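These notes are about the structure you will find just below.
Everything quoted here is computed from the prediction, not taken from an experiment. In each ligand, atom 1 is the first atom listed, and ligand 1 is the first ligand listed.
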Amino acid sequence: MCGIVGYVGDKQAQDVVIEGLRRLEYRGYDSAGVALVNDGSVAWAKRAGKLANLEKVLAESPLPGSTTGIGHTRWATHGAPNDTNAHPHLGNHGRVALVHNGIIENFAELRSEVEAAGDELRSETDTEIAAHLIETALAAGGTLTGAMQQVCSRLEGAFTLVAVDAEDPSRVVAARRNSPLVVGIGEGENFIGSDVAAFIEHTREALELGQDQIVTITREGVEVIGFDGRPAEGTRYHVDWDLSAAEKDGFDWFMRKEIFEQPRAIADALLGRHDAEGRLQLDEVRISDDELREVDKIIIIACGTAFYAGLVAKYAIEHWTRVPCEVELAHEFRYRDPILTRSTLVVAISQSGETADTLMAIRHARQQRSKVLAICNTNGSTIPRESDAVIYTHAGPEIGVASTKGFITQMIAAYLLGLYLAQVRGTSYADEIARVVGELRDMPGHVQRILDGADDLYALAAELEGARSVLFLGRHVGFPIALEGALKLKELAYLHAEGFAAGELKHGPIALIEPGLPVFCVVPPRGRDQLHDKMVSAIQEIRARGARTIVMVEDDDHGIEEFADTIIRLPRVSTLLQPVPAVVPLQLFACELATRLGHDVDQPRNLAKSVTVE
Ligand code: AGP
């Protein structure tokens, strides 16, 4: 998820673009850049780090005046966050400048084509490939619009592209597929942005582009066509948000926005991860297949919510690979004198990539000569930099302290790792792996369905506003989700909440049950029958003691209604994948309850987004 701005009008483009990028910096902040069309050439500047670094460069070495320009703040997916990989990227002769948000899945084959044409590529990014292709198409004649249309019809993946042509200062051209793009319509000027925050200070008249559409903005107007070149229509609307709401896309909290971004985040986490034949390809995993085949133990280390993602991963990885898999709290790991060898694969899960406990743990593991693989959301952060390999989760910046899309994509990445290991080690057949990958690709739709029913969770939060304690029960992969549901309530509503393995109830916790006590129960799919029936028995036991049971159960799983005060229906998915849809109701509930209690949901008391001290 990146911040993109385009402008053409009568103001100084650099001022408009930089101001727009400042409004969008929450969308990505590991590098920034600007490109201006001036007197037959493109003037540009770009820098790693926050926008302030770019502004400092511009102050020291001003670009020439221009009324046509584009800009970008980056959340890196392909290529480390450095000056070279920062956007904009230029074509081979510097005529076209391009900025991009998203992932071009088929960039590897396109890169070969560009290199075969003799072009010199300067960065590691997929974006630069597109810039070269557009410039080559433009050089063959026609307009930037036509070149954009020609190239976009060849690209696969999710992308927003915005480009300028040094030889045509009258226009800025943009295209979108599965990635946000909105036009701001002014008087004698027009704007392009990743979202309305880019231009809301200048105009509240907006045009939302549809799928596979290309827009050309000039001073005089806005023209929309499809990738097929035929005229098309965007959706015109008036923006009545204030700037703060615009940054949250109209939501009250970044966390709530990020909960609702999860379908997109899951889809992005899967992008480019399997080839045309359905074989998994994890291009950032720089550990050889032979080394992966020699792994005889896996230890997952993480903290907090990331640790719960690790617990889910354990069930899946052991089932698919038959490799013993331990899950350890990072801060406990190195002090327990763990048994580590060259055949141990340590997997560090971290959204921020800066958690000190996890970082110190992987340093210990590497000193013991174990291989370390990071599952991380922040490109170029310390933990992946100090690991042998990485799987980026591509969730985009997660601003809310309470992790939601970060967590759900950690699970997706962990599933991909387990399937990849099974593919490399031959412990699952290709068709079995392809079936699970197909189920993962259905997950955005499953999560969206739960989000569509958010009001039911909000109503439940209203009913339970006075609760002083809430319990969560789960079995198998539902147990980590019970733990995560409890953590969300602790960190957001400041409520006592506890997650248990349901089988543990009779070994003590059932003494906690009293009339009216709310207990969320995650009922396993019927794929593992003995678990399903045992979970139902646990629900009967607590209900007999007066608990207020909130039962999360699959769509067509009936017979539990008589023991449930509230039923939350989940889409039917395989046993190991149930955590993905199952966590979403608990996120919605915790977010709403904390909101009702008047807490700062994005910045809960005593907590930081990244714990960089041990
Ligand atoms: C989760 O909601 C919390 N923000 C916290 O438990 C977090 O998951 C933990 O601190 C680990 O952070 P990391 O994923 O950035 O390493």
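- Sequence neighbours left out, the pairs with a member in residues 484-503 that pass ring-ring contact (aromatic ring centres under 6.0 Å, His included) are Y494-H599.
- Counting non-hydrogen atoms of other residues, nucleotides and ligands closer than 6.0 Å to CG of D337 gives a total of 12 or fewer.
- Panel note: side chain T409, backbone I266; no donor-acceptor pair is recorded below 3.5 Å.
- Looking at R569 and E554, no side-chain N of the basic residue comes within less than 4.0 Å of a carboxylate O on the acidic one, giving no salt bridge.
- Looking at Y420 and D289, their side chains do bring a donor and an acceptor atom within 3.5 Å of each other.
- Sorted by chain and number, the heavy-atom contacts of ligand 1 below 4.0 Å come from C303, G304, T305, A306, S350, Q351, S352, T355, V401, A402, S403, Q410, L487, K488, E491.
- Here F589 and Y458 keep their ring centres 6.0 angstrom or further from each other.
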